[in-house]
Amino acid sequence: MSLETSQTDKTSKETELEELARRMKVRCVNLSAISIDKEIARIIPVEMARRNHLICIGKLEKKITLAMADPRDVFATDDVKLRTGYEIEAVLAKWEDIEKAINGTYDEDESWKDKLTEDVSTKVDIIKEVEEGDEEVVIDQPVIIAVNKIIAQAVERKASDIHIEPFEKELLVRYRIDGILHEVMTFPKVVAPALISRIKILSKLDITEKRIPQDGRIHMKIKDKDLDFRISTLPTLNGESVVMRILDRQSLKVDLGALGLHPIILEDFRDLISHPHGIILVTGPTGSGKSTTLYSALNSINTPESKIVTIEDPIEYNLKGIIQVQTHAKVGLTFATGLRAFLRQDPDVMMVGEIRDKETATIATESALTGHLVLSTLHTNDAVGAVTRLIDMGVEPFLIASTLMGVLAQRLVRTICSNCAEEVRIYPEILKIFEENNIEIKDLKMLKGKGCVNCNKTGYKGRMGIHELLKMTDPFREMIIKNLPSSMLMEQAKKDGLRSLFEDGLHKVVSGKTTYEEIIRVTRE
C-alpha cells in the first residue's frame with residue numbers, strides 16, 4: 001500500500017468520525033494527537049473506564065470531558081456522574097484510540113512495558129548463560145509486574161484462556177473470551193525467556209527444561225476470588241508457547257437447570273442419570289463444556305446414600321462429598337488402572353474424565369454390566385458418532401448395546417449482548433431453513449447485537465449450550481448389534497425423536513438468545 005493511499009484511508013476515517021459527531025451533535029477528538037494528563041484521567045477509576053470504555057481528557061471547575069465511543073450512552077455518563085460528582089461533557093473518539101489511552105493511563109507503573117524491555121535487554125547475555133549452563137534464572141521486578149498484569153487483565157475481561165506465543169520478532173499475548181481469541185498485547189521477542197520462566201516458577205515446572213512439553217498448576221487469589229490456572233508449555237520453532245486455562249471455582253455452574261438444556265432434554269437427561277447402572281456419555285470438542293455438564297450431573301445425584309468416585313486429567317474443580325483422583329501417567333495411574341481400582345472401592349457411581357482407548361472403554365462397559373453407573377466423555381461430532389467411535393476402539397457391539405444408556409452431544413455458542421440487541425431483517429432463505437426444521441415462523445423475530453462497550457463491540461456477551469440427546473431404544477440397540485453404518489443409526493435416532501444440535505440452536509435463535517450466524521459457525525462440519 002502506498003503512503004498516499006494510507007493517508008487517504010486515514011483522512012476518510014477521520015471524515016467519517018467528524019460526520020458521525022455532527023449527527024450526534026457532539027465534538028469529536030483525535031486522541032492520538034493530544035497528550036492526556038494522567039492525573040486528570042485517573043479521576044475515573046480504572047474499572048469504570050474499562051467497563052464503560054471511556055477516558056477523562058479534561059477538567060474545568062465542576063465539569064469533566066469524557067472521550068467515548070458512544071457519547072449518547074446515558075447509562076455510562078450517569079454512572080460517572082454519580083461516582084465522581086462532576087458534570088459531564090461527552091465527546092466522540094475512535095474505539096481503538098480509547099482502548100490504547102486506557103491501557104497507557106492506568107498502568108500502576110505507567111512505563112512498565114518499556115522498563116521490562118529495557119531491563120531484560122540488558123540481561124540477554126545472562127539469559128543465554130542460563131540456557132547453556134542450567135543455572136537458576138533471576139526474575140526481576142518488571143517481569144513479575146508484567147506477568148501479574150497479563151493474568152489480572154485476563155481475569156478482569158473474563159477470559160477462559162491466556163495464550164503466550166513466541167514468534168520470530170515478537171511475543172504475542174491473546175485472551176480467549178467467549179470462545180474467540182483476541183490479541184491484547186505484544187512484547188519484543190527478547191522478553192520471552194524471562195516471562196515464561198516466571199510462569200514456570202509459579203507453576204512449579206522445570207525452568208531449565210525447554211525441549212519437552214510440561215504441565216503445571218497455579219493457585220492465586222485475585223480480588224477475593226480463588227482461581228486455579230492450568231498451565232501447558234510447548235516447545236516451538238521460536239521458543240516455548242504457554243497456554244493458561246483459567247478455572248474460576250466460584251463461577252462454576254453445577255446446576256443442570258442452569259446449563260441451557262431444553263426442558264424436554266433436561267427431563268430426559270435427569271432420568272438417565274437416575275438409573276442405577278449403565279454408561280452415559282457427554283461428547284463434543286475441547287472447550288465445549290463437557291466437564292461442567294458432568295460435574296453438574298454428579299452434583300445432582302450426589303447424596304449421602306451413594307458413593308461417587310472420579311478419575312480426571314486434570315481435576316478442574318473440587319466437589320464436596322465426591323472422591324476425586326488425579327491421573328499420574330509416570331507412575332502408571334491411568335484412566336484404565338483407576339477404573340480397575342474403583343471396583344474394589346464399592347462405588348455406586350464412577351466418572352472417568354475421558355474414554356481414550358480400548359482398555360478404558362472395555363473396563364467402563366464391564367463396570368456398567370456389574371451394576372455401576374459410569375459417566376464419561378468422548379471426542380465426537382455428534383451423539384450417534386459415540387457409538388461408531390466405541391466400535392472403532394474395539395468394544396464389542398453387543399456390549400455397547402447392553403450398557404450404553406444415552407449420549408449427550410453439546411457445543412457452546414455465544415449469546416447476544418442484552419445491552420445492544422436489536423431486531424434484524426430475516427431473509428427468505430433463512431425462513432425456509434426454519435420451516436424445513438419444523439420451527440414455527442409466525443411472528444418470528446431475530447435479534448443481533450450491534451456492538452457496544454459492554455461486549456467490546458462484538459455483539460455477544462457470555463455463552464450457553466446447545467445440545468442433542470440420544471436415548472437408547474430397542475430398534476436402535478438391534479442396529480448397534482448388527483453393526484450397521486452411522487447414517488442408518490442417525491435415521492433411526494431421528495425416528496426415535498432425536499433433535500440435532502442445529503435444530504436446538506435454531507430454537508435458541510427463535511427465543512432471542514443467540515444468532516443464526518453463531519449457530520452456523522459452531523455446528524458446521
Side-chain angles (χ1 to χ4, degrees), residues 154-155 158-161 176-180 217 225-230 232 243-263 265-270 272-273 279-302 308-322 324-327 335 349-355 373-383 386 406-415 460-469 501 504-505 508 513-514 518 522-523:
V155 172
K158 294 182 170 56
S160 61
D161 301 84
R176 189 176 292 280
I177 302 171
D178 291 337
I180 305 295
R217 206 176 181 101
K225 272 188 172 184
D226 281 318
L227 299 171
D228 284 321
F229 297 82
R230 197 172 78 204
S232 171
V243 175
M244 307 173 69
R245 168 65 58 89
I246 303 172
L247 305 171
D248 183 359
R249 296 179 184 179
Q250 295 174 4
S251 68
L252 174 67
K253 296 177 181 178
V254 288
D255 176 14
L256 278 176
L259 298 181
L261 291 159
H262 186 278
I265 294 178
L266 176 61
E267 183 181 348
D268 288 342
F269 190 66
R270 285 190 190 277
L272 286 175
I273 61 177
I279 297 177
I280 299 168
L281 297 174
V282 180
T283 74
T286 301
S288 59
K290 299 188 298 296
S291 296
T292 302
T293 299
L294 282 182
Y295 282 133
S296 301
L298 292 177
N299 191 59
S300 69
I301 58 176
N302 184 18
I308 302 174
V309 289
T310 75
I311 182 160
E312 307 169 54
D313 181 25
I315 297 173
E316 295 190 8
Y317 300 97
N318 295 330
L319 296 174
K320 186 178 179 181
I322 294 176
Q324 295 174 269
V325 177
Q326 168 74 54
T327 61
F335 287 131
V349 181
M350 300 188 290
M351 190 271 272
V352 55
E354 183 184 347
I355 294 178
L373 181 64
V374 181
L375 281 70
S376 189
T377 70
L378 268 181
H379 286 279
T380 62
N381 290 329
D382 52 38
V407 183
L408 181 73
Q410 65 181 59
R411 300 286 191 280
L412 291 178
V413 296
R414 292 179 293 171
T415 51
Y460 298 97
K461 191 171 181 65
R463 288 190 292 176
M464 69 182 303
I466 57 173
H467 309 84
E468 68 179 29
L469 180 62
L501 288 164
D504 190 48
K508 288 181 168 66
K513 294 174 183 175
T514 189
E518 181 70 0
V522 171
T523 60

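Given the structure is predicted, the values throughout are model-derived calculations rather than measurements.
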Between [atom1] on residue [X] and [atom2] on residue [Y], distance to nearest 0.5 Å:
X	Y	atom1	atom2	answer
Leu373	Met350	CG	CE	9.0 Å
Thr283	Ile355	OG1	CD1	11.5 Å
Leu469	His262	CG	NE2	12.0 Å
Leu272	Leu408	CG	CG	9.0 Å
Met351	Thr310	CE	OG1	5.0 Å
Lys290	Leu375	NZ	CG	14.0 Å

Can Arg245 and Leu247 be said to form a side-chain contact (heavy atoms from CB on, under 4.5 Å), step by step? CA-CA 6 Å; Arg245 168 65 58 89; Leu247 305 171; 3.7 Å; yes
[Y] backbone acceptor or donor facing [X] side chain under 3.5 Å:
X	Y	value
Thr415	Lys461	yes
Ser160	Ile177	no
Gln410	Gly289	yes

Are side-chain heavy atoms of [X] and [Y] found at a separation under 4.5 Å?
X	Y	result
Thr286	His379	yes
Asp255	Asn299	no
Met244	Ser232	no
Tyr460	Ile180	no
Phe229	Arg217	no
Ile280	Ile273	yes
Leu227	Val155	yes
Thr377	Leu294	yes

Contact summary for [X] and [Y], nearest pair of heavy atoms:
X	Y	result
Ile466	Thr523	CD1-CG2, 3.7 Å
Ala159	Ile246	O-CD1, 3.4 Å
Ala383	Ala409	N-CB, 3.5 Å
Leu256	Ala297	CD2-N, 4.1 Å

All salt bridge (charged side-chain N to carboxylate O under 4.0 Å, His left out) counterparts of Lys513, not counting sequence neighbours: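 Here no residue qualifies.
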Not counting sequence neighbours, which residues clear salt bridge (charged side-chain N to carboxylate O under 4.0 Å, His left out) with Glu312? List them please.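 Residues passing salt bridge (charged side-chain N to carboxylate O under 4.0 Å, His left out) with Glu312: none at all.
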Run the side-chain contact (heavy atoms from CB on, under 4.5 Å) check on Val407 and Thr380 step by step: do they pass? CA-CA 11 Å; Val407 183; Thr380 62; 5.7 Å; no
Test side-chain contact (heavy atoms from CB on, under 4.5 Å) on Asp313 and Gln326; report intermediate values, then the result. CA-CA 6 Å; Asp313 181 25; Gln326 168 74 54; 3.5 Å; yes
Run Val309 and Ile322 through side-chain contact (heavy atoms from CB on, under 4.5 Å) and show every step you take. CA-CA 6 Å; Val309 289; Ile322 294 176; over 6 Å; no
Salt bridge flag under 4.0 Å for residues Arg414 and Asp178: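 The answer is no: the pair does not qualify as a salt bridge.
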Report yes or no: do Ser376 and Glu354 form a side-chain donor-acceptor pair below 3.5 Å?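 The criterion, which ignores hydrogens and geometry beyond distance, is not satisfied for Glu354 and Ser376.
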